[in-house]
Number of protein chains: 2
Amino acid sequence: MIDVTAKPGHAPVFVTVDLVILTVRQDVLQVLLIERGNEPYLGFPALPGGHVRDGETLDQAALRELGEETGVDGRSLHLEQLRAYSDPGRDPRGRVITVAYLALGPGLPHPTAGTDATAARWVPVADVFDGPVPLAFDHAGILRDALERARSQLEHTTVAAAFCAEPFTVGDLRHIYEVVWGMPLDPSNFRRKVTNADSFLVPTGERRHPETGRPAALYRRGAARLLLPPLLRSGDVTRPGPVVVTPH
Amino acid sequence: MIDVTAKPGHAPVFVTVDLVILTVRQDVLQVLLIERGNEPYLGFPALPGGHVRDGETLDQAALRELGEETGVDGRSLHLEQLRAYSDPGRDPRGRVITVAYLALGPGLPHPTAGTDATAARWVPVADVFDGPVPLAFDHAGILRDALERARSQLEHTTVAAAFCAEPFTVGDLRHIYEVVWGMPLDPSNFRRKVTNADSFLVPTGERRHPETGRPAALYRRGAARLLLPPLLRSGDVTRPGPVVVTPH
DNA sequence: CCGGTTTGAGTCAAGGTGACCTTTAGGGCT
DNA sequence: AGCCCTAAAGGTCACCTTGACTCAAACCGG
């Protein structure tokens, strides 16, 4: 083991994981937030997260925190590393670097406020930025990055299906895209694209009978992770570029 | 400040940055490797990198290491965070989490072996995986991820121009794509795509006269960071999907 | 049985792509 | 000069995808 006091200027730091857990509920994109029970930012909303333990990978820590804070086990949702945030002043207690994770899941139950957690709740992402109370730490920036990542992933990958509880219909899937991108899509063209894509949707043979309208075929998630050809947002959207280091 | 001895199970960790610095030299994609001068992995090739210092962001640490190990200042190349690697056993000395960065630059000079560096040199990436001596730590996996990221970025962004010293020709740019993707591209169709893309290339009005062939128009990098429409690798390539956390 | 609603299939024009060809602008050689 | 070689630059054409749109199918409620 390294002597933690040996190298001045290379002091050890604390590493945490923070989770941006997104779901679509009631036609709105929502994020799971907790209310902080300790200083700093006592009482402020924040992303769930916590310290990485000894002998644990970041992925494992993210999965553990996911279960502790929401009661959801990671098997049922999509989890992916976003990036690390390292501003020296981002935590007033000292040097804390955090690795953010993006989690996408189907309409999850109301979170069972976990062990150390104060109230955890779903909040529409629109309310987070408009709301009167800002997020703790640099979590607003993390959430912003996570949203853009999610929107971008919908174009090139099949993760949108992670938002849908199986089995689901093409309409369910389209609804995810419309809510996450914030724009209506042509139902017919959307169907053509996702059903032509290889191994994206596998039909179950069953049908779902809604209260109104023609019954819809049901599908499960296919093996494909990449969506070819990509399903691009119509060209008139202004998309932020990739995150790049700009010196000075 | 946090008392580093306070929380058992939440021990502080060391955080490093590792750099995957890619360039195209002599028609081959090359990566900058150092030879380790300390245990563990003494004498093994490794990615350049080092500890994050107090009061420094990860981006700043990456830029600093870039200069220290290669003598290149970050202003002249593209630098971007890749992801964090956190396997508890990845460093035998103890708990070291590393954040990998991807750096792309034009045919750089032979690295001026930096302060603490033992010999730093350019190595064709093909030789790294085929070669008899494996990379230190988990650097082979990091390099693999970086390569896939670079190849993918060429499709959707304008970073390929970061490989070219300004001013450059359309042929120079195409050469980058061919080397990084490892496949020939149709010169005519390639030109059509990149010249049609908005703000990708800005003509200087000058021409370059090669030893043989018609002189080519010279360009500089435009303001665009995203490449619309994307320049996709032909469909017959098998592309690895995004990195996802798969529990258990 | 009729109107409403959503699914699912089809049509068509516009634009992008891949394969291919031709012309242009040099250098080098006889 | 004239000819060949090379690479750039521009053009053609068939094919495919996309976006906008229309229309039939299948259910429900009254």
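No experiment lies behind these values; they were computed from the predicted model shown. Protein chains get the first letters and strands the later ones, always in sequence-line order, with residue 1 at the start of each.
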Is there a ring-ring contact (aromatic ring centres under 6.0 Å, His included) between A/F190 and A/Y177 once you walk through the steps?
-> CA-CA 10 Å; A/F190 181 84; A/Y177 276 87; 5.3 Å; yes

Exceeds 12 heavy-atom contacts within 6.0 angstrom, atom CG of A/D198 =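 Check fails, neighbour count at 12 or below.
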
Below 4.0 Å: OP1/OP2 of D/dT17 and any side-chain N or O of A/K193 |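 Result: no.
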
Is the phosphate of D/dC27, meaning OP1 or OP2, less than 4.0 Å from a side-chain N or O of A/R207?
-> no

Of the listed nucleotides ([options]), which one gets closest to any side-chain atom of [X]?
{"X": "A/P229", "options": "D/dC27, D/dT17, C/dG8", "result": "D/dT17"}
{"X": "A/N189", "options": "C/dG8, D/dC21, D/dC27", "result": "D/dC21"}
{"X": "B/R214", "options": "D/dA9, C/dA9, C/dT5", "result": "D/dA9"}
{"X": "A/R191", "options": "C/dC20, D/dA9, C/dG8", "result": "C/dG8"}
{"X": "B/S188", "options": "D/dA20, C/dC21, C/dG8", "result": "C/dC21"}

What is the separation between atom [atom1] on [X] and atom [atom2] on [N], rounded to the nearest whole Å?
{"X": "B/L231", "N": "C/dT17", "atom1": "CG", "atom2": "P", "answer": "8 Å"}
{"X": "A/E211", "N": "D/dC27", "atom1": "CD", "atom2": "C1'", "answer": "12 Å"}
{"X": "A/D172", "N": "C/dT6", "atom1": "CG", "atom2": "C1'", "answer": "12 Å"}
{"X": "B/R174", "N": "D/dA9", "atom1": "CZ", "atom2": "P", "answer": "10 Å"}
{"X": "B/D186", "N": "D/dT12", "atom1": "CG", "atom2": "P", "answer": "16 Å"}
{"X": "A/N196", "N": "C/dG10", "atom1": "CG", "atom2": "P", "answer": "12 Å"}
{"X": "B/L228", "N": "C/dT17", "atom1": "CG", "atom2": "P", "answer": "11 Å"}
{"X": "A/M183", "N": "D/dA20", "atom1": "CE", "atom2": "P", "answer": "11 Å"}

Hey, are [Y] and [X] close enough side-chain-wise for a donor-acceptor pair under 3.5 Å?
{"X": "A/D145", "Y": "A/Y85", "result": "yes"}
{"X": "A/D172", "Y": "A/Y219", "result": "no"}
{"X": "B/D59", "Y": "B/Y101", "result": "yes"}

By nearest nucleotide on DNA chain D, pick out whichever of A/L232 and A/P210 is the more 5' one.
->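 The answer here is A/L232.
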
Contact nearer the 5' end of DNA chain C, comparing B/T212 with A/P215 | A/P215

Measure distances between side-chain N and O atoms of B/R192 and base N and O atoms of D/dG11, and say whether any donor-acceptor pair falls under 3.5 Å.
-> no

